[in-house]
Structures are given as structure tokens and as C-alpha cells.
Amino acid sequence: MSMFPIATYTLPSPGPITFQNIPDTFTHLQLRVFGRTTASQVPDQVFIRLNNDTTAGNHNWHYLQGDGATASSGAGISNETGIRCQAIVGANASANVFGAVIIDILDYTNTNKFKTVKSIGGGDNNGSGQMGLSSGLYRSTNVINRIDIYGLFLQFASGTRADLYGLTTSTVTGA
Amino acid sequence: MAITSLTRNSVANPTKYTDFLAGNSQYDVSSMIPIATGNFSNTVVYGFSSIPNTYQDLMLVVTGTTNLGSVNQIIDNVNGGISFTGSSTILNGNGSTATSVRNTSMSGYMPLTYGGTNQLSATTSSLIVHILNYANTSTFKTVLWRIASDANGSGNTSLGAGLMQTTQAINTFNVSTFDAGRYFTSGTCTLYGIKAVGQ
């Protein structure tokens, strides 16, 4: 399996991040987010929405997380429009502290199945912070060609970076 | 001598070239590049130096065993031993209980494990560590890792997020055992560089 960079984007000002016109020539996608949000708290959450699909209930997810004191688990509600992909830090984290999330979207071009998403992520603020792992399901057989990335409470801060990679399973470069 | 024509037979991968002419982008260079690999035995530390700053992230993959069933690991000797504050938040499962713990304000090292929570066992364990934005001189270094250690009736699986409060680009680091009398009996480690677009 080989991994190839598709696109990278660093926010010049607060906002969400969008990757569109994603080529359908790979087998899996991996998204790496390094950043923080503008929410006035330490942990915030990274969400993704696939294909700009706002149909209620098309995005499902579960998580297992820890905050340094308690391990907890939860799930999305029935009308979600995005997949929770784990913790990042917010504006109340110390300066120069960023969280990170690694998201895998498996078999994203397969039109015979719904799409599986798995992620790990977190942020440590030397005495606060949160981390965990999530699994998600996008209930559509459509090829994924767009990913919108956003924070649960507010926007990503400037300097937040996202990198999109394509993974192949062929020994030939490209898919 | 200038190239005056390019025929299908002169291209090493004619299928890829034909696909390119059809308007499809081609990707030549994998973004996961092995930087260094090695085996270790009967040691309290293994490490990497002269890490180039030309990647976006680092990924370390390790499999190994330890001499005892409770070995703590840390990342230390960063850039030859600079002063920094390390901390970590850990989520751990031991087959019956899920717990979360925290290490704070560690001087000069970042703990990958915590006390008796997610230490390595004496059977083969695996460790995958991601150091994101390791060469960025404007941010502290965020680390994500997973440890898996099952011994058919005992063991741990854990996930961690850590912080190394230094804005230096990382060019050297070690993974070390923390407690006296504990060491790695054998193992293999590989450090990868993850490139971003344009690198």
C-alpha cells in the first residue's frame, strides 16, 4: 500500500476547511488535521461532513474517550449531519498548543457499500485536554468527492492545517 | 541531445502515461518515506538522530518485548537533551476496565505510559507514535500514539495524546524505559517521514 498527498490547506483566518473534487483514483483516504478552534474551552471536537450531505441521519458515529480522569463512551443522535472525529483544543488552551486528529475513510469510491470512517485524536494542555477514538458510518453508496471539516462549537483558528492523502493497494504508482 | 519525440515504448510505465494523456492526474512519490530502521536488544533506550526537517509529520512503528511485565516508556533526549515540559493524557483498557489518566509538567521528557496503567507486557507489544508538525518552529509538538500489548489473559491497549512544549524542530529523540531494572529485550523500530503536498 502507498500513500500519496492530494491536497493541503492552512487557514489564514478562522473558518472551516473544505476539500472538494477529490479524485476517485485511490482506495482509501486519510485526513490529518493539526489545529485548534476559536471556542472558549480547552477541548473541542472535529467533525466532518461528507459530500456536503445535510440529510438528517446520514452520518452516524460512536466514540471512546478520556479526559485524564474519566473514560467515557457515547454516540451520535439519530439526525446527525456530520461525524465526530475526536478532540482538538480550543481557544482556552495555552498559546502554541495544537491538537491533532487522524481520520481514515475506507473504500471511499465503492458504490456497493456505505462508507466507514475511523479516527484517533486529541490534545494535551499540560493539566487539561482530551483524546479518544471514534468510528463513523456515512450512509450513502455515493463516491466521496467532498469533505467539509469543522469544529463542534466554533470555527478553526488561523494556522489550523489539514492534509488529505490517498492510499492505494496496488504496487503501481497511482491507482 | 534534445528529446524530439516520446513514444509509448520509451516510457517506463506506459499504462500510467496513457492514463495521464487521458487527463487523469498521476502521483509519483509516496508520502510515507522510511527514514531509519533498526533492531534493538537488551537496551534501555533506542533513538533517532539527524532527522531531516523536510517532512510534515513523523511516524514511529515499533514492535518489541520487555524483560518484565510492567515497563514504562518515555520520549526523551529530544534534540540532544533540550529543556522542555512534557505532558500526556492517556486512555487505557485492560480487558475489564477502561480508565483515563494524565501526566503533567514532566521535565525534559514526555511519558507514553502511566504508572501501572498501560505499561508494556513481557510478550510482544506494538507501539505507533505520530509526531505532527515536528519541524514547525511556531508551535509546540503534539504527539498521538497507540500501544497494544496482549498476553492471552492479560495486557493493555491504550491511546495517548501528548505535548512537548518546545518550538524547536525535532531532529533527535529517544524512546527510553523509565524505571530502573526495566529494559527492552528485543524489537524492531522504523521511523517514517510523512510528506505533505509540495514536499
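Keep in mind it's a predicted model, so treat the numbers as computed, not measured. In what follows, chains carry the letters A, B, and so on, assigned in the order in which the sequence lines appear, proteins first and then strands, with residues in each chain numbered from 1.
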If you measure from [atom1] on [X] to [atom2] on [Y], what distance do you get to the nearest 0.5 Å?
X	Y	atom1	atom2	result
A:R161	B:D57	CZ	CG	5.0 Å
A:L167	B:S30	CG	OG	8.5 Å
B:K141	A:N96	NZ	CG	8.5 Å

(request) Give the member of B:A98, B:S105, B:G86 that has the highest number of heavy-atom pairs under 4.5 Å with chain A. (result) B:S105
(request) Tell me, out of B:R146, B:Q165, B:H130, who's got the most heavy-atom pairs with chain A below 4.5 Å. (result) B:H130
(request) Please answer whether the main-chain N or O of A:S128 pairs with a side-chain N or O of B:R102 as donor and acceptor at a distance below 3.5 Å. (result) yes
(message) Can a donor-acceptor pair be found, under 3.5 Å and without considering hydrogens, that links the side chain of B:T104 to the backbone of A:G127?
(response) no
(message) Sub-4.5 Å heavy-atom contacts with chain A: which residues of residues 132-139 of chain B show up?
(response) B:L132, B:N133, B:S138, B:T139
(request) Side chain from CB out, backbone as N, CA, C, O: work out which of these in A:T70 comes under 4.5 Å of a heavy atom of chain B, or both, or neither. (result) backbone
(request) Please state whether the side chain, the backbone, both or neither of A:D163 comes within less than 4.5 Å of a heavy atom of chain B. (result) side chain
Taking all non-hydrogen atoms of both residues, which atom of [X] and which atom of [Y] are closest, and how far apart?
X	Y	value
A:G68	B:S100	N-OG, 2.7 Å
B:A161	A:G123	CB-N, 4.0 Å
B:L163	A:N126	CD2-N, 4.4 Å
A:F34	B:F140	CZ-O, 4.1 Å

(message) Looking only at side-chain N and O atoms, does B:T89 offer a donor or acceptor that is under 3.5 Å from a partner on A:D124?
(response) yes
